[in-house]
Peer 1: 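My questions all concern the structure below.
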Amino acid sequence: MGTIDLDFDRKHIWHPYTSMRDPLPVYPVKSASGVYIELEDGKRLIDGMSSWWAAIHGYNHPVLNKAIEQQAGMMSHVMFGGLTHEPAVALAKKLIELTPEPLQKVFFSDSGSVSVEVGIKMALQYQQAAGHSEKHRLLTLRSGYHGDTFTAMSVCDPVTGMHNLFSGVLPQQVFAEAPRCRFHETCSDGCIEDFRRKLETHHRELAAVILEPVVQGAGGMRCYSPDHLGKVRELCDRYGVLLIFDEIATGFGRTGRMFALEHANAAPDILCVGKALTGGYVSLAATLTTEQVAGVISEGEPGVFMHGPTFMANPLACSVASASIGLLTSSDWRKKVLNIEKGLSLGLEPCRSFRGVADVRVLGAIGVVELENPVDMAAIQKSFVEKGVWVRPFGKLVYLMPPYIISGQELTALSNAVCAAVGELSPGNG
Ligand SMILES: *Cc1c(COP(=O)(O)O)cnc(C)c1O
């Protein structure tokens with residue numbers, strides 16, 4: 001018997017998207033180090049999830065530990081109203097340097113969803129200050145995911161998003177078809193046509209377009225052509241609509257570029273980052289915007305940007321984020337991500353011929369096996385744990401996004417486990 005009270009957990013603690021009446025089993029974790037998650041019973045699992053895109057350097061990293069310990073010795077937190085500190089300034093400098101040149105103003109917040117709310121609020125305040133209060137709706141792509149708070153929910157895919165029960169109270173946004181072009185293809189006029197038409201029809205009431213560049217994450221794990229992104233930028237300029245990129249999942253190297261927008265050389269008016277920002281240590285997010293957007297907001301009524309979370313720019317979070325970015329930029333992360341891309345392409349390829357598999361796709365350190373039917377989550381989870389890996393599918397998607405530090409051998413073990421688990425789903429697969 002372990003010491004973690006699973007019975008109490010089951011009775012009293014909500015886990016993500018779970019029932020309190022009939023919760024799925026959860027596995028008690030004792031510790032995590034490098035690419036391994038150690039369960040309470042001593043079993044070690046190779047991590048295939050980076051704790052939802054975040055732990056890019058693996059767990060318990062000495063450099064990140066030291067950054068957070070040193071900062072804790074100075075101050076864990078002070079309010080950001082009327083005060084500032086070195087961790088915030090140092091991190092903002094790094095973010096401005098890493099992101100496209102027009103992005104010069106940084107707003108720190110505590111989670112990805114909040115950074116999306118902040119980005120949308122910036123767009124609305126901008127339009128209002130510019131004398132266009134009628135421009136208050138958003139245009140987005142189907143199959144997107146932007147978080148679980150209310151306005152973020154309103155731009156998640158209305159079908160795969162888990163939010164249709166709130167549809168009566170959410171702001172009604174405009175949805176365009178998700179791009180059909182795949183990553184390596186060019187985007188035809190037909191592919192962008194629905195988006196173009198929606199923009200043309202609605203631009204007078206649109207504050208901004210929001211989308212995930214090149215890779216749509218939790219809304220469907222789809223990759224699309226950077227060409228599409230370039231066309232979106234052009235169309236937004238033509239119709240006077242701001243463009244928000246949500247790089248909360250794709251940021252910090254995951255797609256093979258520091259930010260996915262680099263595949264298209266496209267700069268947004270507003271950029272949201274989170275998840276891997278702190279290397280997965282603590283929750284922190286940021287919303288960046290341009291001189292122009294910040295200028296209009298600051299000159300209009302009420303002359304200030306109306307947001308200010310209690311834990312804004314938390315020094316522990318900012319310190320570990322700077323250390324994580326330092327680790328990344330001083331390493332050969334491009335080569336590591338490229339090696340993971342090669343390993344995943346090779347390792348997941350056998351799944352393609354399995355019965356019940358609809359598609360296999362890999363980009364950067366992201367590998368996806370899309371099934372024809374949703375998986376039995378509890379059963380496949382158990383099967384993965386028995387195989388010594390931590391992989392958490394959702395719906396029809398079994399996917400991997402391992403920490404960048406994973407070795408070739410560990411990556412092979414991970415891919416083999418996915419092939420084996422997917423193979424077991426349909427009789428007759430080898
Ligand atoms: C995870 C995610 C969010 C929400 O971030 P939280 O930190 O969970 O609030 C928003 N957008 C994208 C693309 C994400 O992957």
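Both ligands and their constituent atoms are indexed starting at 1 by order of listing.
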Peer 1: Please work out whether any backbone atom (N, CA, C, O) or any side-chain heavy atom from C-beta onward of Y145 is under 4.0 Å from ligand 1, and answer side chain, backbone, both or neither.
Peer 2: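 Both backbone and side chain of Y145 come within 4.0 Å of ligand 1.
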Peer 1: For the rings on Y126 and H132, is their centre-to-centre separation under 6.0 Å?
Peer 2: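 They do not qualify: ring centres at least 6.0 Å apart.
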Peer 1: With only distance considered, is S113 within less than 3.5 Å of ligand 1 through an N or O on each side?
Peer 2: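 Among all N and O atoms of S113, at least one is under 3.5 Å from an N or O of ligand 1.
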Peer 1: Where does H146 meet ligand 1, judged by heavy-atom distances below 4.0 Å: at the side chain, the backbone, both, or neither?
Peer 2: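 For H146, only backbone atoms sit under 4.0 Å from ligand 1.
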Peer 1: Under a 4.0 Å N-O cut-off, is there an ion pair linking K30 with E38?
Peer 2: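 Answer for the salt bridge query: yes.
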Peer 1: Which ligand 1 atoms, with their elements, are less than 4.0 angstrom from a heavy-atom of G147?
Peer 2: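 Those atoms are 4 (C), 10 (C).
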Peer 1: Could you tell me, atom by atom, which parts of ligand 1 come under 4.0 Å of a heavy atom of S111?
Peer 2: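 Near S111, meaning under 4.0 Å from one of its heavy atoms, ligand 1 has 7 (O), 9 (O).
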Peer 1: Charged N to carboxylate O under 4.0 angstrom, E291 versus K105?
Peer 2: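 A salt bridge is present here (some side-chain N lies under 4.0 Å from a carboxylate O).
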Peer 1: Need the ligand 1 atom indices (1-based, order shown) with element for anything under 4.0 Å from a heavy-atom of K275.
Peer 2: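 The atoms of ligand 1 under 4.0 Å from a heavy atom of K275 are 1 (C), 2 (C), 3 (C), 14 (C), 15 (O).
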Peer 1: Is it true that E200 and R196 have a side-chain N and a carboxylate O under 4.0 angstrom from each other?
Peer 2: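 A salt bridge is present here (some side-chain N lies under 4.0 Å from a carboxylate O).
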Peer 1: What do you reckon, are the aromatic ring centroids of H77 and F311 less than 6.0 Å apart?
Peer 2: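 Yes: the rings meet the under 6.0 Å criterion.
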Peer 1: Please round to the nearest 0.5 Å and tell me the distance separating atom CZ of R233 and atom CG of D269.
Peer 2: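 R233 CZ to D269 CG: 4.5 Å, rounded to 0.5 Å.
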Peer 1: So which protein heavy atom does atom 11 (N) of ligand 1 come closest to, and at what separation?
Peer 2: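 Its nearest protein heavy-atom neighbour is D246 OD2, 2.6 Å.
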Peer 1: For ligand 1, which is the ligand I care about here, please tell me if G112 has any N or O atom under 3.5 Å from one of the ligand's N or O atoms.
Peer 2: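 Checking ligand 1 against G112, an N or O pair does fall under 3.5 Å apart.
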